[in-house]
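First comes the structure, then the notes that go with it.
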Number of protein chains: 2
Amino acid sequence: MSPRVSPSGAPSVPDSGGPGDPGVDGAKGKSTRERILDIALELFTEQGFDKTSLREIADRLGFTKAAIYYHFASKEDILMSIHLRFHEFGREMLTQMGDGPATPEMWAGLLDRAIDMILEHRTLFLFHERNQAALENLHRERHDAEHEDLQAKFRQALSSENIDLEGRVRMAAAFGAVMASLAVAGDAFADVPSDKLGLVLRKVVADLLRV
Amino acid sequence: MSPRVSPSGAPSVPDSGGPGDPGVDGAKGKSTRERILDIALELFTEQGFDKTSLREIADRLGFTKAAIYYHFASKEDILMSIHLRFHEFGREMLTQMGDGPATPEMWAGLLDRAIDMILEHRTLFLFHERNQAALENLHRERHDAEHEDLQAKFRQALSSENIDLEGRVRMAAAFGAVMASLAVAGDAFADVPSDKLGLVLRKVVADLLRV
DNA sequence: GTCTATATAGGGATAGAC
DNA sequence: GTCTATCCCTATATAGAC
């Protein structure tokens, strides 16, 4: 318990990963904190969260595991930080949905954005696919209100009274179709240019939702 | 190392879960081995493989964790045994595919069967969804030739030269659509009767593959 | 900001009694 | 077929030096 606060007063901004924000030290690239997150994302995606030790992460970066505790309060804190990057996208989707009842048209628009996001952050989405268990444990402990909202909205849309069963199944199916094509079977289409793949997927989604 | 062989000479038959094979002891239901697998499947699906200890499994069954080692050589052996149940379905799909090039029609037939299987063994598929990382580690150690075959065939179909990109994406999408509707968003459609859900899904798949 | 050294716990696995 | 007792290792996490 008694989580230690990150020493740098910096808020946990959604680091876009771009070459934007300069590190605290040299003018050179990313801060140590971000470098830890990058390596962690890579290893967690490859081997899974539980099978990856802090030692492994530290070794890759050239220092010892204890040093990590300067930047993060715990191993779970790292997991959470990565999850937060992902969460940004969810928030965007949420606002886009508004609070009216979900319609197939809206869903199509949502997935349209999602396709771009997934294409651009493939590993991040793959990470979520492959670490569902660890992430659920995370939410069981820390009750993230924001996450609940998102999840609830999602489920609500999929159980909406206004839409018949077939329509709702089609919505779920469209979502799964996108995820499977981009994240899960990712390396099967790895050589396909993103724009081309995106184009086909949009067609598939439109077809599926009949819009 | 030096894996201990299961004492009961029984081959690891694909226990269908039915009330078929009587236990060794009383005429009453399942053998201890199967009861362990059932509880393990439940806990692994709920909390994840790594977050579930042998102690937890044993507690649920009313004995201590050491007793488990009479039935299984290791914790991974339990994971493997559960995975083998799943593998039966893959094998069936494999033979159904034959060795000719995959066509959308064949794929539709494949998914037609898959829908039934998933509907009937939802938790088993959900388990696989949520423990992808642990399962991949399993295959990294023990080189399962059969599994390689299945995986290879799957990828091969998705990268087949005979089918254009859109066709292949549609195949991947169809698969993802089914998985998402049945396993991932499972509780959203939990109250929907299986036959009704299956019917809609078949329609969606046919639509998606244009057959 | 990064390090060494160390505390502590929990989990997987073994040996052998009953 | 199930149990107790125990070994051993790894991993998280802490304290505090540089």
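Everything numeric here is computed off the predicted structure, so don't read it as measured data. Below, chains carry the letters A, B, ... as their sequence lines are ordered, and counting in each starts from 1.
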Return no unless some side-chain N or O of B/T64 is found under 4.0 Å from OP1 or OP2 of D/dT2.
-> no
Under a 4.0 Å N-O cut-off, is there an ion pair linking B/D187 with A/R155?
-> yes
Contact residues, residues 46-57 of chain B to DNA chain C [heavy atom, < 4.0 Å] | B/T52, B/S53, B/L54
Atom-to-atom span, CD1 of A/I68 to P of D/dA11 - whole angstrom = 13 Å
Would you say A/E161 has more than 12 foreign heavy atoms packed within less than 6.0 Å of its CD?
-> no
Rounded off to whole Å, could you give me the OH-to-P distance for the B/Y70 and D/dT4 pair?
-> 18 Å
Nearest-Å distance, NZ (A/K75) to C1' (C/dG10)?
-> 14 Å
N or O in side chain of A/T32 less than 4.0 angstrom from C/dG1 OP1/OP2 = no
Using a strict 4.0 Å threshold on nitrogen-to-oxygen distance, state whether A/D38 and A/R85 make a salt bridge.
-> yes
Carboxylate-amine/guanidinium proximity below 4.0 Å for A/D116 and A/R202 = yes
Can A/H83 and A/H128 be counted as having a side-chain donor-acceptor contact under 3.5 angstrom?
-> yes
Could you state the CD-C1' distance from B/E76 to C/dG11, rounded to the nearest angstrom?
-> 14 Å
Rounded to the Å, how far apart are B/D77 CG and C/dG12 C1'?
-> 14 Å
Gap between atoms CG and P, on A/D59 and C/dT2 respectively (whole Å) | 15 Å
Taking N and O atoms by type only, does the side chain of B/K65 place a donor or acceptor under 3.5 Å from a partner on the base of C/dG11?
-> no
Interatomic distance, A/Y69 OH vs C/dA7 C1' [rounded to whole Å] = 13 Å
Integer-rounded Å distance: D/dA13 C1' and A/H71 NE2 = 16 Å
Does a donor on one side chain and an acceptor on the other come within less than 3.5 Å for B/E56 and B/Q47?
-> yes
Could you please name the option among C/dA5, C/dT2, C/dT14 that lies closest to any side-chain atom of A/A66?
-> C/dA5
Given the options A/E129, A/Q132, A/E136, B/R130 meets side chain to side chain donor-acceptor pair (under 3.5 Å) only with A/E136
